[in-house]
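The next block holds one structure in the form of structure tokens; read it before the comments.
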Amino acid sequence: MSAFMKPYAIGLYEKAMPKTMDWRSKLECAKECGYDFVEISIDETDDKLARLKWTAQERLELVSTMYEVGLPIRSMCLSGHRKYPFGSADPAVRARSMDIMEKAIQLADDLGIRIIQLAGYDVYYEEGTAESERLFRENLAKATLMASAKGVLLGFETMETEFMNTTEKAMKYVDLIDNPYLGVYPDSGNLTNAAKTYGTSVLDDLETGRDHIVALHLKETVPGKFREIPFLTGHVDFEAAIAKAWSMGIRRYVTEMWDVGSPTWKDDIKFACASMSTILDKQ
């Protein structure tokens with residue numbers, strides 16, 4: 001390996017930074033705090049979904065900004081499917097879900113994004129049924145073929161709901177679709193909560209995704225709460241999860257955290273990067 005190549009990459013989830021910041025400021029902030037890339041959010045809000053309609057000029061300007069700052073956007077958290085899921089009973093909602101997917105893949109291709117993290121829900125605001133699960137599988141297969149045409153990896157996030165809160169549950173669909181462009185992008189915090197609920201092992205669960213895990217979200221949780229827990233104040237065993245992921249060949253990690261208006265938000269970001277990098281550097 002070249003002496004200049006870092007053996008892993010650690011990214012910052014965009015929502016860790018105040019949403020009032022422009023892209024140049026966000027990229028500069030992530031670089032200053034020690035990160036290698038940023039993970040962009042395409043959530044269910046209108047302003048985030050509007051990014052899928054950026055013009056060619058807007059996309060080019062963002063790519064130029066990445067190069068000027070010296071820090072890229074390299075993954076996408078696509079949670080917009082929570083509102084517009086693959087498995088919806090409403091055909092208009094399903095059509096929107098596929099339109100979102102197609103446009104997200106094109107945006108990824110244009111910006112140089114390698115991985116799109118998919119929300120592991122068949123439906124969210126509706127009640128899940130055998131039909132919603134069937135529709136989910138059907139549209140997931142179509143989405144995976146779209147992504148494979150552009151060379152963009154899709155990875156399921158392990159969620160906070162029963163449908164897909166473990167790597168093993170995500171692997172059911174990875175195995176069904178059986179395409180190298182669909183894998184799992186686990187959330188260490190959500191996995192920890194699931195393991196506490198089921199009395200299982202996070203490490204054994206990660207093992208079920210061997211050869212199919214594209215990256216790992218590093219997120220702190222406490223029992224029953226899935227977000228906005230400061231790093232190293234909850235119950236996630238980051239040392240063990242990272243060591244396991246590393247042994248399986250995982251080299252891409254993202255610290256998932258949210259700006260909650262704290263005056264120490266930048267210090268919190270620096271702490272997350274430093275604490276997780278310290279563990280990664282020991283691998």
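Within the 3.5 Å criterion, the main-chain N or O of Gln117 finds no donor-acceptor partner in the side chain of Glu157. Distance alone, capped at 3.5 Å, places no donor-acceptor pair between the Glu44 side chain and the Arg82 backbone. No side-chain donor-acceptor contact under 3.5 Å links Asp122 to the backbone of Gly87. Asp43 contributes no side-chain N or O that, together with a main-chain N or O of Leu78, makes up a donor-acceptor pair within less than 3.5 Å. Checking side-chain atoms of Arg252 against main-chain N and O of Ile250 turns up no donor-acceptor pair under 3.5 Å. A donor-acceptor distance shorter than 3.5 angstrom exists from the side chain of Ser188 to the backbone of Lys219, with no hydrogens or angles considered. Counting only distance, with no hydrogens or angles, the side chain of Arg74 and the backbone of Val38 share no donor-acceptor pair below 3.5 Å. Proximity of a side-chain donor or acceptor of Lys31 to a complementary backbone N or O of Val69 within less than 3.5 Å is detected. When atom types are taken as modelled, the side chain of Ser97 and the backbone of Arg94 share a donor-acceptor pair closer than 3.5 angstrom. Using a distance-only test at 3.5 Å, with no hydrogens or angles considered, no donor-acceptor pair links the side chain of Asp187 to the main chain of Met159.
Proximity of Trp54 to Leu62: side-chain heavy atoms (C-beta onward) are separated by under 4.5 Å at one or more points. Residues Met76 and Val152 are not in side-chain contact: their nearest non-hydrogen atoms beyond the backbone lie 4.5 Å or more apart. Residues Cys29 and Tyr35 form no side-chain contact, since every pair of their non-hydrogen atoms from C-beta on lies 4.5 Å or further apart. By the 4.5 Å heavy-atom criterion applied to side chains, Trp23 and Ile40 are counted as neighbours. Annotation: side chain of His81 is not in contact with side chain of Asn139 (no heavy-atom distance under 4.5 Å). Considering only heavy atoms from C-beta on, Val260 stays 4.5 Å or farther from Trp265 through its side chain. The shortest side-chain heavy-atom distance between Asn179 and Leu154 does not fall under the 4.5 Å cut-off. Side-chain contact between Val236 and Ile229 is absent, with no heavy-atom pair separated by less than 4.5 Å.
Between Arg134 and Glu131 a salt bridge is recorded (basic side-chain N to carboxylate O distance below 4.0 Å). Note on Lys19 versus Asp47: no salt bridge recorded, every NZ/NE/NH1/NH2 to OD/OE distance being 4.0 Å or above.
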Q: Under the salt bridge (charged side-chain N to carboxylate O under 4.0 Å, His left out) rule, what do Glu256 and Arg227 come out as? Steps first, then yes or no, please.
A: CA-CA 9 Å; Glu256 187 178 22; Arg227 54 183 293 160; over 6 Å; no

Q.
Quick one, Arg51 with Glu58, criterion salt bridge (charged side-chain N to carboxylate O under 4.0 Å, His left out). Give me CA distance, side-chain angles, the key distance, then yes/no.
A. CA-CA 10 Å; Arg51 293 171 167 183; Glu58 287 172 313; over 6 Å; no

Q.
With side-chain contact (heavy atoms from CB on, under 4.5 Å) as the criterion, how do Leu153 and Arg114 come out once you've worked through the C-alpha distance, each side chain's angles and the decisive distance to 0.1 Å?
A. CA-CA 6 Å; Leu153 287 169; Arg114 311 320 196 211; 5.8 Å; no

Q: For the pair Tyr84 and Met98, evaluate side-chain contact (heavy atoms from CB on, under 4.5 Å) and give the outcome as yes or no after the intermediate values.
A: CA-CA 9 Å; Tyr84 303 101; Met98 298 309 291; over 6 Å; no

Q: Evaluate the side-chain contact (heavy atoms from CB on, under 4.5 Å) criterion for residues Glu162 and Lys169: first the C-alpha distance (whole Å), next the side-chain angles of each, then the deciding distance (0.1 Å), finally the verdict.
A: CA-CA 9 Å; Glu162 285 286 328; Lys169 289 178 180 179; 3.4 Å; yes

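Using modelled atom types, one finds no donor on one side chain facing an acceptor on the other under 3.5 Å when comparing Glu102 with Gln106.
Surrounding CG of Asp22 are more than 12 heavy atoms belonging to other residues, nucleotides or ligands, all under 6.0 Å away. Within 6.0 Å of NZ in Lys270 there are more than 12 heavy atoms belonging to other residues, nucleotides or ligands.
Hydrophobic clustering of Ile, Leu, Val, Met, Phe, Trp and Tyr side chains at less than 4.5 Å, counting indirect connections, unites Ile113 with Val184. The cluster map of Ile, Leu, Val, Met, Phe, Trp and Tyr, joined by side-chain heavy atoms under 4.5 Å apart, puts Trp246 and Leu206 in the same cluster. There is a path of hydrophobic side-chain contacts, each under 4.5 Å, that joins Leu111 to Leu49.
Rounded to the nearest 0.5 angstrom, Ser247 OG and Leu203 CG are separated by 8.5 Å. Atom CG in Leu12 sits 11.5 Å away from atom CD1 in Ile73 (nearest 0.5 Å). A distance of 11.5 Å separates CD1 of Ile10 from SG of Cys33, quoted to the nearest 0.5 Å. Distance check: Asp268 CG to Asp259 CG gives 9.5 Å after rounding to the nearest 0.5 Å. Taking OG1 of Thr144 as the reference point, atom CG of Leu118 lies at 7.5 Å (rounded to 0.5 Å). Note that the OG1 atom of Thr20 and the NZ atom of Lys26 stand 8.0 Å from one another [nearest 0.5 Å].
Lys83 pairs by the salt bridge (Lys or Arg N to Asp or Glu O under 4.0 Å) definition with nothing, not counting sequence neighbours. Scanning for ring-ring contact (aromatic ring centres under 6.0 Å, His included) contacts around Phe238 gives Phe231, with sequence neighbours left out. Contacts of Glu39 classified as side-chain hydrogen bond (donor to acceptor under 3.5 Å, both in side chains), with partners at least two apart in sequence or in another chain: Ser75, Tyr185, His217. Remark: Glu133 pairs with Arg137, Lys172 by the salt bridge (Lys or Arg N to Asp or Glu O under 4.0 Å) rule, at least two apart or across chains.
The aromatic rings of Phe136 and Phe86 sit tilted relative to each other, their planes meeting at an angle between 30° and 60°.
Nearest heavy atoms, Gly120 versus Phe163: O-CD2, 3.4 Å.
The list of ring-ring contact (aromatic ring centres under 6.0 Å, His included) pairs with a residue in residues 90-121, not counting sequence neighbours, reads Tyr121-Tyr124. Within the structure, the salt bridge (charged side-chain N to carboxylate O under 4.0 Å, His left out) test picks out the following pairs touching residues 195-211 (sequence neighbours left out): Glu207-Arg210, Glu207-Lys244.
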